[in-house]
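When a residue number appears, it is its place in the shown sequence, counting from 1. Small disclaimer: the values here were computed from a predicted structure and weren't measured.
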Amino acid sequence: MYILHNLATFTMTILIIFIFQMFYVLPFCSSTSIATFVFGDSLVDAGNNNFLFTLSKADSPPYGIDFKPSHGHPTGRFTNGLTISDIVGEALGDNSFPPPYLAPNVESNATNIGINYASGSSGILDATGTLFIGRVPLRGQISNFEESRKYIVNSMGEENAKRFIKKAMFSITIGSNDVINYFQPSIPFISDDKKVSPTTFQDFLISNLTMNLQRLHKLGARKFVVVGVGPLGCIPFIRAIGLISKGKCSVEVNTLIRNYNKKLKVELHRLNKDIKPKAIFIYANSYDVFREIILNHKQHGFENADAPCCGGYFPPFVCYKGKDANTSSVMCDDRGKYVFWDAYHPTEAANVIIAKKLLYGDASVISPINIFHLHNYGS
């Protein structure tokens, strides 16, 4: 009897260990495990540019001063705290953020929370951001995801990998730098003065973006969030180079963006109808969300919707903390009262408002469904 009792206890122990290992070692089998793969520019870069030879970096103070996970140290995010994708991830229950692809030893995250491929100064077009030297354009970011996909397949097999990627969210926030490059002043011996028409430029961006979305679809992606370009005519950089007065925005820049966004929404609607196998492409109307924040900034608790909190209005628009006040950029006293962190990017406070709109907004903001519903779509 003693031997039988010990044998039964041993058998039960083995069974418990097996069940524990099945759920612990293979977290990708969990029905609640939904990864997020982030593509884009400096609005969502989580630190990839830290690992590039580039002039586009946010690896020094005061960037990240309000980013609690790093205790206020810069991580490569181009803001004072959380990016929009960080805030969305937190709201959906993520305990940590998808790490930058170029950081060492992060490939295992591809089968868990996901990976961030975004790169500051990058664009839809490969040539965008050339003046900053190093950056990873959207095409290169998708090539990096291809490498991650190989790891996923090796980790769980082809069929499990397909199911895992099918459930994952693919977030694409890009196009701002393409527009900025189109409008910024030409530089002798470097810039090309031969501009195409705004209409041709918009169509060229749409066709290139569509090709990249289709490429991700062929790699197994089925749930897309594609963020439109925001009202860049209102950012401090564009207003400064255009000598635009306080409270005003560049009509020329914003008109091009609105027309681009209209075409983008139409194209995503077409993909929703035509692409096979079936997928869902969500259009996120960041333009109207951010424009409303600027116009009604006081209602949102902001005091300043014109000036950047850090770095000032004038070239080189650098936000930097030196050894003393003489070698540091001017920085505002209350970062939560400013819409803009630097000459290009929103503060964390503005990002929080934008993220909530994209998470829970109606069809005027995000369509055909919002991100909260997309998270559970097809599960």
Side-chain angles (χ1 to χ4, degrees), residues 19-20 22-40 43-47 64 66-71 75-77 79 81-101 103 106-118 145 148-149 151-152 155-156 160-173 216 220-227 279-282 284 286 289 346 348-362 365-379:
I19 293 171
F20 175 78
M22 183 174 67
F23 284 99
Y24 182 75
V25 179
L26 302 176
F28 50 81
C29 292
S30 169
S31 61
T32 59
S33 179
I34 298 177
T36 300
F37 297 100
V38 180
F39 304 82
L43 290 171
V44 290
D45 188 348
D66 298 309
F67 191 73
K68 292 179 182 178
S70 69
H71 305 289
T75 61
R77 288 167 170 81
T79 185
L82 298 171
T83 66
I84 295 169
S85 60
D86 292 334
I87 298 160
V88 168
E90 277 192 334
L92 296 176
D94 293 345
N95 295 320
S96 57
F97 307 116
Y101 173 81
V106 301
E107 60 182 6
S108 62
N109 289 278
T111 58
N112 187 8
I113 58 173
I115 301 278
N116 185 308
Y117 304 91
F145 171 72
S148 296
R149 190 186 186 283
Y151 176 86
I152 297 170
S155 297
M156 61 179 77
N160 279 335
K162 286 180 179 178
R163 285 192 288 269
F164 178 80
I165 294 170
K166 183 179 179 180
K167 288 183 178 181
M169 285 204 305
F170 287 75
S171 171
I172 301 95
T173 305
L216 278 173
R222 296 295 181 266
K223 294 159 70 170
F224 296 83
V225 179
V226 184
V227 182
I280 183 165
F281 294 83
I282 286 180
S286 62
V289 173
E348 178 186 87
N351 283 338
V352 167
I353 299 171
I354 298 167
K356 286 182 178 178
K357 290 282 190 179
L358 301 187
L359 276 161
Y360 311 113
D362 59 24
V365 171
I366 185 159
S367 61
I369 59 176
N370 60 37
I371 293 177
F372 181 77
H373 289 124
L374 177 69
H375 186 254
N376 300 309
Y377 181 85
S379 298

K.L.:
How about Phe372: does its CZ atom have over 12 heavy atoms from other parts shown lying under 6.0 Å from it?
P.N.:
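Result for CZ/Phe372: open.
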K.L.:
With distance as the sole test, does Lys223 use its side chain to make a donor-acceptor pair with the main-chain N or O of Lys167 at under 3.5 Å?
P.N.:
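Side chain of Lys223 to backbone of Lys167: a pair is present.
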K.L.:
Of the non-hydrogen atoms in Ser70 and Gly64, which two are nearest, and what is the gap between them?
P.N.:
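Looking at all heavy atoms of both residues, the shortest contact is OG-O, 4.3 Å.
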K.L.:
So do the side chains of Pro368 and Ile282 get within less than 4.5 Å of each other, counting heavy atoms only?
P.N.:
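With C-beta onward as the side chain, the pair touches.
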K.L.:
Got a second to check how far Thr173's OG1 is from Ile84's CD1, nearest 0.5 Å?
P.N.:
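Interatomic distance, Thr173 OG1 to Ile84 CD1, rounded to 0.5 Å: 7.0 Å.
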K.L.:
To the nearest 0.5 angstrom, please state how far the CZ atom of Phe67 sits from the OG1 atom of Thr83.
P.N.:
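It is 7.5 Å, given to the nearest 0.5 Å.
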K.L.:
Considering non-hydrogen atoms only, spot the tightest contact between Tyr377 and Ile369 and give its length.
P.N.:
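What the structure gives for the nearest pair is CD1-CD1, 4.0 Å.
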K.L.:
Quick check: closest heavy atoms across Ile115 and Ser148, and the distance to 0.1 Å?
P.N.:
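Distance-wise, the nearest heavy atoms are CG1-OG, 4.4 Å.
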K.L.:
Can Lys162 and Arg149 be said to form a side chain to side chain contact (heavy atoms under 4.5 Å, CB included), step by step?
P.N.:
CA-CA 9 Å; Lys162 286 180 179 178; Arg149 190 186 186 283; 4.1 Å; yes
K.L.:
So, taking the atom named CG in Leu359 and the one named CD1 in Ile371, what distance separates them when rounded to the nearest 0.5 Å?
P.N.:
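If I round to the nearest 0.5 Å, the distance is 5.5 Å.
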K.L.:
Restricting to non-hydrogen atoms, name the atom on Thr79 and the atom on Pro346 that form the minimum distance, rounded to 0.1 Å.
P.N.:
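Closest heavy-atom pair between Thr79 and Pro346: OG1-O, 2.8 Å.
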K.L.:
Which word best sums up how the rings of Phe224 and Phe170 line up, parallel for under 30°, tilted for 30 to 60°, or perpendicular for over 60°?
P.N.:
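Correct class here is tilted.
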K.L.:
Does any pair with a residue in residues 81-97 pass salt bridge (Lys or Arg N to Asp or Glu O under 4.0 Å), and if so which ones, sequence neighbours excluded?
P.N.:
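For residues 81-97, and leaving out neighbouring residues, the salt bridge (Lys or Arg N to Asp or Glu O under 4.0 Å) pairs sorted by first residue read Arg77-Asp86.
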K.L.:
I would like to know whether Val225 and Leu374 meet side chain to side chain contact (heavy atoms under 4.5 Å, CB included); could you show each step before the answer?
P.N.:
CA-CA 9 Å; Val225 179; Leu374 177 69; 3.4 Å; yes
K.L.:
At their closest point, which heavy atom of Pro99 faces which heavy atom of Gly114, and how far apart are they?
P.N.:
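Heavy atoms of Pro99 and Gly114 come nearest at CD-O, 3.4 Å.
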K.L.:
At what distance, to the nearest 0.5 angstrom, does CZ of Phe281 lie from CD1 of Ile172?
P.N.:
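Phe281 CZ to Ile172 CD1: 8.0 Å, rounded to 0.5 Å.
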K.L.:
Which heavy atom of Asn116 sits nearest a heavy atom of Pro98, and at what distance?
P.N.:
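Nearest pair, atom of Asn116 first, then Pro98: CB-O, 3.6 Å.
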K.L.:
Measuring from atom CD1 of Ile87 to atom CD of Glu348, what distance do you get when rounded to the nearest 0.5 angstrom?
P.N.:
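The CD1 atom of Ile87 sits 6.0 Å away from the CD atom of Glu348.
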K.L.:
Mind checking side-chain contact (heavy atoms from CB on, under 4.5 Å) for Val365 and listing every partner two or more places apart, or none if nothing turns up?
P.N.:
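Counting only residues at least two positions away or on another chain, Val365 forms a side-chain contact (heavy atoms from CB on, under 4.5 Å) with Val289, Lys357, Leu358, Asp362.
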K.L.:
Measuring from atom CZ of Phe37 to atom OH of Tyr101, what distance do you get when rounded to the nearest 0.5 angstrom?
P.N.:
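Here the rounded value is 12.0 Å.
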K.L.:
Does the Ser171 side chain pair with the main chain of Val38, one donor and one acceptor, at a distance under 3.5 Å?
P.N.:
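It does not hold such a pair.
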K.L.:
Hey, does the side chain of Asn109 reach the backbone of Asn112 with a donor-acceptor pair shorter than 3.5 angstrom?
P.N.:
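Checked: no pair found.
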